[in-house]
Amino acid sequence: MNSSGGSAAGPSSGSGDGSAPPRRNSKRPKYSKFTQQELPACKPILTPKWVISVFTLVGVIFVPIGIAALMASNNVVEIVDRYDTECIPASMTGDKVAYIQNDTINKICTRNLTVPKDMDQPIYVYYQLDNFYQNHRRYVKSRSDAQLRDADQANKTSGCDPEKTTKDGSPIVPCGLIAWSLFNDTYNFTLGNKNLSVNKNGISWASDRDHKFGKDVYPKNFQNGVLRGGASLDPNKPLNEQEDLIVWMRTAALPTFRKLYGKIHQDLKANDIIMVTLENNYNTYSFNGKKKLVLSTSSWLGGKNDFLGIAYLTIGGLCFFLATAFTVVYLVKPRKLGDTSYLSWNRNPSGH
Amino acid sequence: MAYEDDDPPLSLHLPRPISEPHLRLDPLSLSAPSAVRHGSRAESERLASSQPELADADARLVIVGDPGRTDPHLQLAGNAVRTAKYSPFTFLPRNLFEQFHRVAYVYFLVIAVLNQLPQLAVFGRGASVLPLAFVLLVTAVKDAYEDWRRHRSDRSENNRAASVVDSRDSQFRTKRWKDVRVGEVLKVFADETIPCDMVLLATSDPTGVAYVQTINLDGESNLKTRYAKQETTSRPIGDAHPFAAGLIRCERPNRNIYGFLANMEIDGKRVSLGPSNIILRGCELKNTAWAIGVAVYAGNETKVMLNSSGAPSKRSRLETHMNRETLLLSAVLITLCSVVSICNGIWLGKHRNDLELSQFFRKRDYSDSGENYNYYGIGMQVFFTFLMSVIVFQIMIPISLYISMELVRLGQAYFMIRDTNLYDESSNSKFQCRALNINEDLGQVKYVFSDKTGTLTENKMEFRCATIRGRDYSSGKVPLQDNGGTHSVLVGDRIWKPKMSVKTDPELVALLQSKVETEQGKQACEFFLALACCNTIVPLVVETADQKQKLIDYQGESPDEQALVYAAASYGFVLIERTSGHIVVDVRGDRQRYDVLGLHEFDSDRKRMSVIIGCPDKTVKLYVKGADISMFGVIQKTVNLDIIRATETSLNAYSSLGLRTLVIGMRKLSRNDFEEWQSAYENASTALIGRGRLLRAVASNVERDLHILGASGIEDKLQQGVPEAIESMRQADIKVWVLTGDKQETAISIGFSCKLLTSEMTQIVINSNSRESCKKSLQDAVAMSSKLAAISPDSENILRGTGSSRIALALVIDGNSLVYILETELEEELFKVATVCDVVLCCRVAPLQKAGIVALMKNRTDDMTLAIGDGANDVSMIQMADVGIGISGQEGRQAVMASDFAMGQFRFLVPLLLVHGHWNYQRMAYMILYNFYRNAVFVFILFWYVLYTAYSLTTAISEWSSVLYSVIYTALPTIVVGILDKDLSRRTLIKYPQLYRAGQRDERYNLKFFILTMMDSIWQSAAIFYIPYLAYRHSVVDVSSLGDLWTLAVVVLVNIHLAMDVFQWNWITHASIWGCIVATVICVIVIDSIWMLPGYWAIFHIMGTGLFWLCLLGIIIAGMLPHFTTKALTEYFMPNDIQIARELEKYQKNAATTSEIPMSTLSQLL
């Protein structure tokens, strides 16, 4: 180590090694912009100009969208009719569950709906269930996707508890609580004395029909148990044609949800009165659920929902307000950017 | 090892060394400080000499040449070393066991196990185990690869060949290293590596000297001399059992490479063995044709193996703080789980009667016997719900953070190592990161404890001036070649030159050239002769490129001695040769041979060394050199009083210049004196018990009535850039304490020269010799500091920029006082005084006291301490401090081995702390907070959803997305930002050291920040959850579609949050952040393309609707609004220093002159 010190300690006495020989095995790290952390970079700073422009821009974008969304929502015409309480004979209101479980009672019920505004086709017919936890953990897990797709996999019923097999052990197709609880109210519409036909084709996702539900899978042992959960399925129709089941098996995200029942391809006029003949079969009484029939047109934003429009208007308005507020404050109390006198050690120490 | 020799291969001239000293040649340390510096070695030496008796119970018995009979008690291991941790069979269990030492993994495992219970199965089996398995597998593969490499190197090491005496026929046979056993006699040849720790028995040198290079052991490149005992050197090799009857009793294997305690019974005599008689595994034999020794420690018991422990493990402050927040998060987690389980209980209670008929619950399984299906009563359900919610919300505790932090530290270490500013040209050493888990501590240091010699100074001693006969020659400015190369020596047809030349004083040169006959001239000759002989330097002659010229390289263990010998050579007294009995000195062209009759080594009691020289004119002279205090005690005071006084004056002047001083004296010995000494010396050196003590007594006896020759001043040069570095650190509010073994005057003068002390500082000096006086001076100091605080003018502080309201104080305290203070109740007083002082200088402190002082500050404050040093005496301090830095310099690698970081120069502290430390801290702090935030957002979204699923813990986000969220969706950007983001450029950070204070104040990571971030995360999660919830209320949306929206929204939002906080955007940052969002979309699409999963094709359906995109946009804006607004507000109206500096960097490039003003006033003041 002294050797290297020789040159540092003063003029070397040796004449032979006047110029230092190139260092062998130098460990000097190679220079590159990357290793020295000097890659070209953009260093954004939130200057007043930027802040105000961002707020203004957001406001400018959000307010029109909000208005458009509100208008779209307003243009949607929606008829909602809760019928589960109305369709019970007055004598049975004390024990609704007994009513619904008694197969011998006729469940047919008639409702009259008034169209409030003109409704352009297609008019979507939904049923809406409230308080039905289609997202309950026990429920969402209780299905077998393998079985639905492939006839050979009928025995793959693991996870379908408690609706897996019949008492003698043969598999139920489709198994699981979801399929078992298939909604089974039916609706028939008449306008005046003309029947309003409901198109029930294409109400489910094409992707489900094509890939998720097999065309050679037929219902087996379905709804044969002690407790009926809901609809029965036509054992001669392959699953990919059972569109009500396919719709139902797309479990809803929230406990209040709608499912598409069908579409009416006919315009309705304001003050038309539609008579609905429905079969009130599905048991929602046991858990205080509600059943509603919904007829609705649609917009580019979907159904009737003012929330998004209001939210956009609120955010947009808030941003305009913030932009103004920042502008005012910047004007009242300006600060030069990069002013060294603001550095903590340049400020008055008594300020601490 | 890091060291590479820069010299062309040495062709070494074999020096004949002195044979006499049986004890190890201790470096002759010229002044007391050095005695302390080598304290650890001196200590072991003292132990060795004062305790010659080894208790049999603690001893290992080695029978020379007979491994079979050696130590029957112990099943001695062979010489095979095993650094590998695993064998193929033990790999799996051991590696897993080690990995599960991390609490995070155990948490991971417990959750995964819980999830396997059928009642609690939240995630599928694969999804729950996969992340843990992945992490374990990656680590295992890494460990396996490292271990395989260790196996390979072990194998090649173990199969090297050694020459061993076969006990049957006493012939040397080649054996593999791993077969060498303790007790066997080995022969090692020149340039071979020594296979095990062995006691020297004989060498090719008749006097039993061997030279070894210990670079693999301690990094010191100079040759060390080791001796075989005279009792064994003369034995012929080749006889049957040449060393039979030899019995070595040595201490148990230990890791002290400077200590060895043993004795050998041979021929009925008992000989004591010390550290100079043992050569250690890993050293190389140099300059010696062969050496024979007996193995005493082998394999994993050798000192080098015992010392090969890994880097010390420390935990960074940020991580400690992080654990506090982790506990808080655990509390939040438990709260969430409790809320969910209690609500679940209430819900179940309310719907008790509905459970059987509700289609979505259906309590009973009718296909069986109609018993309850997966329902165990409300109490159990609540309990299960609790456990399940722990599983669902598990990532509230960010396990991936631990892995990310390790990766980030690895990246930061990479950049520190590759930084050209931390590369030291002179020692060719890069920055070393030895500890990988305290990078960010570098950004929070408040106290720096620095060693002086070798750390602040270069430890390259340079002879500066001399006082001869009271006359001061200190204008040495002229390098010698200007006045005719008197310093080169003609040997045959070759010219030999000393490797270094020293600036000489023209007056002194003239005196030596022309006025040799005057009294002054004679004294000067004696002076330089003393410098040339009174040492233990071995001259080595090195070939140069020039055929005609050779260089003399003075090898020795003490840099002071080297400096003196080079100085003597420059004045014409060139030491050419040293053999066992004599030295050859070229005295101004005239080669003279001096017999070395005796040598008294340096020891820390006498603080001097001496040689007895037989001159060519048959006179016998004693030359002594040593520290002034010890020398003035033995100098004849009756005559030449004025010379002594003048010398003392010069010494004080030298001291105040920061020079290390040394007094040289001599005495002519009469025949009687000499004979008396000789017999005493012989008696002492053959004594069996207490030899060291006897030799010291002999030395003290002869070193008396000296005639003073003069004194020398050696400069311990300040390292480059030290004053600037200290000034920067002062501005950064880092308090620099210097802990040195030097004496007070030297320490203070060094303090001034490195600008640690300034003239306007008030010095408090504590020099006490008793407890009471210590107490009193401390109390006085406290009183004084409070008095000064009261009267301090404010204006000065503004200019000085310290931000404090008092006059600068400096505390100077010495080791004697510290004895009475440390570990007593006076510590508290010292602490009070020290904290109000700007500078603390501790002089004459012992290594353990250094650690004590560090501990004093570490235990009493929350501030981060950093210790920096280069010598073995700094090891305890380096290990004690929060951050230990080793200087890889002149004094070996002990400090480096103990350190967390190692570098070449003191001044590198500035870029290390101010730049890398600042960056590391800033990055790590942000990364930790961000990881907490990121996972909390996700957990809260899950939580909000659970509130709408009858508290049944369904997750809308698919389980694969949950698992991949912190692993793939959001992991990379935070790691990239944690490695690459810089808030400020290197230039700004160096220019405004004050910016460092942000780290000291915990500005980037504190509880307030944490709580604000958590509140932000709750808001953002609410925005993410409730905007779609309200927008999709009463609609046909299915759980998978909404889950996909939530997944994408949360990933986009947290990445945009990160993007908003990034300081610098380079292409890597862009790629990682936007790439991660794209990767997430791809992952979600892939997951939704698996028909097996319920969410099949959902993403395509929902992405086709306008509502989806409006929700996403609304979420992003609504979610970011509070963060953006507060950021804009605080950055503009409450800017912190970093913000202003960033603006400065961007907008004020041409306004540099204005910003220069405070700096220049500062430097004027100091």
Side-chain angles (χ1 to χ4, degrees), chain A residues 1 3-6 9-11 13 16 25 27-29 31 35 37 39 41-43 45-46 51 58 133 135-140 145 161-162 165 167 181 207 211-212 225-227 229 250-251 253-254 256 258 260 286-287 300-303 307-308 311 315 337-338 340 342-345 349, chain B residues 4 6-7 221 354 357-360 365-367 373 415 418 420 423 426 428 430 460 479 497 499-501 544-546 549 801 803 948-950 952-954 994 1030-1031 1035-1039 1042 1064-1066 1091-1092 1096-1097 1106-1107 1110 1114 1117-1118 1128 1131 1137 1140 1143-1144 1146-1148 1155:
Chain A
M1 291 200 185
S3 55
S4 51
S13 56
N25 301 327
K27 289 187 183 156
R28 172 183 280 282
Y31 176 89
T35 58
Q37 309 190 52
L39 285 177
C42 155
K43 307 170 197 169
I45 284 179
L46 285 180
V51 173
V58 171
Y133 286 93
N135 58 12
H136 198 283
R137 168 164 290 279
R138 297 167 69 93
Y139 187 82
V140 286
D145 288 286
D161 301 296
T165 54
K167 273 213 158 139
S181 62
S207 57
H211 301 289
K212 216 164 161 51
V226 183
L227 188 68
R250 278 268 152 214
T251 50
L254 299 166
T256 298
R258 289 175 185 177
L260 189 57
S286 60
F287 54 90
W300 58 274
L301 209 53
F307 167 75
L308 210 61
I315 296 171
L337 291 183
T340 45
Y342 282 92
L343 290 165
S344 65
W345 59 91
Chain B
E4 245 112 25
D6 302 319
D7 280 328
S221 63
D354 313 340
L357 289 177
S358 298
Q359 287 92 332
F360 55 85
D365 185 351
Y366 293 98
S367 64
Y373 152 70
F415 282 118
R418 301 299 294 265
T420 48
Y423 166 76
S426 62
N428 190 22
K430 277 195 293 196
K460 276 178 196 152
K497 280 184 177 178
K499 209 164 133 215
M500 269 187 274
S501 68
T544 60
D546 186 354
Q549 203 175 32
Y948 299 92
T949 63
S952 64
L953 293 163
T954 318
Q994 293 93 333
L1030 292 168
S1035 78
V1036 297
V1037 75
D1038 66 299
V1039 64
L1042 207 52
Q1064 286 209 357
W1065 286 89
N1066 55 40
W1091 64 265
M1092 271 294 289
Y1096 179 70
W1097 227 244
L1107 195 57
L1110 284 190
I1117 301 295
E1131 283 191 1
D1137 296 341
I1140 292 175
E1143 293 164 3
L1144 211 61
K1146 187 156 181 174
Y1147 296 108
Q1148 307 259 307
S1155 60

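Throughout, protein chains are lettered first and strands after them, A, B, ... in sequence-line order, and every chain is numbered starting at 1. All values derive from a computational prediction rather than experimental measurement.
- Residues A:R28 and B:N428 share a closest heavy-atom pair of N-OD1, 4.2 Å.
- The structure places OH of A:Y139 at 14.5 Å from OG1 of B:T949, a figure rounded to the nearest 0.5 Å.
- Top candidate by heavy-atom pairs under 4.5 Å with chain A, chosen from B:L1042, B:D354, B:T420, B:L1107, is B:T420.
- With a 4.5 Å cut-off on non-hydrogen atoms, A:I315 touches chain B through its side chain but not through its backbone.
- Taking all atoms of both residues into account, the shortest heavy-atom contact from A:S286 to B:S358 is OG-N, 3.9 Å.
- The nearest pair of heavy atoms linking B:V1036 to A:L260 is CG1-N, 4.2 Å.
- Among the candidates A:V58, A:V140, A:L254, the residue making the largest number of heavy-atom pairs closer than 4.5 Å to chain B is A:L254.
- Across B:Q1064 and A:K43, no two heavy atoms sit closer than the pair NE2-CE, 3.1 Å.
- Going from atom CD of B:E1143 over to atom OG1 of A:T340 covers 11.5 Å, rounded to the nearest 0.5 Å.
- Across all their heavy atoms, B:A1031 and A:L308 have their closest contact at CB-CD1, 4.1 Å.
- In terms of modelled atom types and a separation under 3.5 Å, the side chain of A:S207 and the main chain of B:W1097 share no donor-acceptor contact.
- Per-residue counts of heavy-atom pairs under 4.5 Å with chain A were compared for B:W1091, B:Y948, B:W1065; the largest is that of B:W1091.
- Every salt bridge (Lys or Arg N to Asp or Glu O under 4.0 Å) that A:D145 has, sequence neighbours left out, goes to A:R143, A:K212.
- Using a 4.5 Å cut-off between heavy atoms, B:S1035 touches chain A through its backbone atoms (N, CA, C, O) alone.
- Side-chain atoms of B:L357 and A:L227, non-hydrogen and from C-beta on, do get closer than 4.5 Å to each other.
- A donor-acceptor distance shorter than 3.5 angstrom exists from the side chain of B:S952 to the backbone of A:R137, with no hydrogens or angles considered.
- One distance of note links NE2 of A:H136 with CG of B:L953; it measures 9.5 Å at 0.5 Å rounding.
- Of all non-hydrogen atoms in B:Q359 and A:G229, the two that sit nearest each other are NE2-O, 3.4 Å.
- Every residue was checked against the side chain to side chain donor-acceptor pair (under 3.5 Å) condition with A:R138, not counting sequence neighbours, and none meets it.
- Ring geometry for A:H211 against B:Y1096 counts as perpendicular: the plane angle is over 60°, on a 0 to 90° scale with 30° as the lower cut.
- Interface residue A:I45: backbone and side-chain heavy atoms are both found under 4.5 Å from chain B.
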